[in-house]
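In what follows, residues are counted from 1 in the order of the sequence shown.
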Amino acid sequence: MSFLAGLNDAQRSAVDHHEGPLLVVAGAGSGKTRALTHRIAHLIGEHGADPSQILAVTFTNKAAGEMRARIGDLCGPEMARAGMWVGTFHAICARVIRRHGHLVGLGPNFAIYDSADQKAAMKRVLKAQNVSDRAYRPVGILAQIDYAKNRGAGPDDLEELGVEEPLLSVVKRAWAGYERMLRAADAADFGDLLVLTVRLLKLARASQDPLAEDAAALFTRFQHVVVDEFQDTNPVQGEIVELLSENAELCVVGDDDQSIYAFRGADIRNILDFKSDFPGATVVRLEQNYRSTGHILDAANAVVANNRGRMDKALWTDQGAGESVRL
């Protein structure tokens, strides 16, 4: 079976690329999931890649499930399940920490606090510190901490992130108490999964301790790393990608015009600076749209052309002009 059949020229270029880092700039409705899954199937079926040496990172569990299903349709379900790591950033990080968490003070059965757990923990912290949870709402304090973690920042960086007094002092003290409570409970929150994975990987790389050898093997485990929705990665996620792809062929897929998660800490520079961060990178643009008509694309292109610092691209379709856009 040819995994290049039925693809347009740009999609084929993305699927069949094997010369260094690859950025696939995939406009809306341009068949990026098709290109991404065909690339993985092509690696396995045509180039003999070991599925257990492939890491595919998505942004939702639904997307991860869809990716597994599509790869299974192309390669067979057994091949799709043969040790391939497919999941969200948080799921991949949880998997790493469960195996090697002793390096960062967590056990293999550590708990992952959801939003309700976090809120309850923060309420106890604020009460212990004699801070009114009416004056300083637990969810607000947690939002400040989570934003900082997603930026790769710590308590001493809060002022640089725009947190001012009197909130600054409250968040710093609460953060310290909250972290002590989490570690005492052998627990981590979602932000910790990212931050602690970076810390774990750096410790494993630098350590001479035999106990770190298994974790250090992560730097050579993956021969191929594929990341979807790269425009919405935050600085910590970008660092995780860089660490785990040190000895792998990296392919990231995204569209700077669809970046919408800055309020969660996403940094559009991860995609805009990809070529400088990964010298020798190739850029493939998927610009043929299969979802909309010409008038809609012309209007959309005219709007996004005003985005500052955007990557050059223009979506087009062969489905005709369609009805005029009305405002």
Of all pairs that satisfy salt bridge (Lys or Arg N to Asp or Glu O under 4.0 Å), the ones with a partner from residues 248-257, not counting sequence neighbours: Arg39-Glu249, Asp255-Lys313, Asp256-Lys313, Asp257-Arg310, Asp257-Lys313
CD of Glu246: more than 12 outside heavy atoms within 6.0 angstrom? yes
Check for me whether Arg264 meets the cation-pi criterion with Tyr147, that is, NZ or CZ under 6.0 Å from the six-membered ring centre and within 45 degrees of the ring axis. no
Applying side chain to side chain contact (heavy atoms under 4.5 Å, CB included), name anything that partners Thr60, two or more places apart in sequence or on another chain. Lys62, Ala63
Applying side chain to side chain donor-acceptor pair (under 3.5 Å), name anything that partners Lys202, two or more places apart in sequence or on another chain. Glu239
Partners meeting ring-ring contact (aromatic ring centres under 6.0 Å, His included) with Trp85 (sequence neighbours left out): Phe222
Go through the structure and list residues passing side chain to side chain donor-acceptor pair (under 3.5 Å) with Asn289, not counting sequence neighbours. none
Quick one: side chain to side chain contact (heavy atoms under 4.5 Å, CB included) partners of Arg34, sequence neighbours excluded? Leu7, His38, Arg70
For Asp192, all residues meeting side chain to side chain donor-acceptor pair (under 3.5 Å), sequence neighbours excluded: Lys149, Arg183
Across all chains, not counting sequence neighbours, the ring-ring contact (aromatic ring centres under 6.0 Å, His included) partners of Phe278 are Phe274
Output, in order, the C-alpha distance, side-chain angles, deciding distance and verdict of side chain to side chain donor-acceptor pair (under 3.5 Å) for Asn234 and Tyr261. CA-CA 9 Å; Asn234 60 44; Tyr261 287 118; over 6 Å; no
His90: partners by ring-ring contact (aromatic ring centres under 6.0 Å, His included), with sequence neighbours left out: Phe190
Side chain to side chain contact (heavy atoms under 4.5 Å, CB included) partners for Asp298, two or more places apart: none
For Phe89, give me all partners under ring-ring contact (aromatic ring centres under 6.0 Å, His included), at least two apart in sequence or on another chain. Phe59
With Arg180 via side chain to side chain donor-acceptor pair (under 3.5 Å) - residues at least two apart: none
Are side-chain heavy atoms of Ile145 and Val171 found at a separation under 4.5 Å? yes
For the pair Glu165 and Lys172, find out whether any cationic side-chain nitrogen is under 4.0 Å from an anionic carboxylate oxygen. no
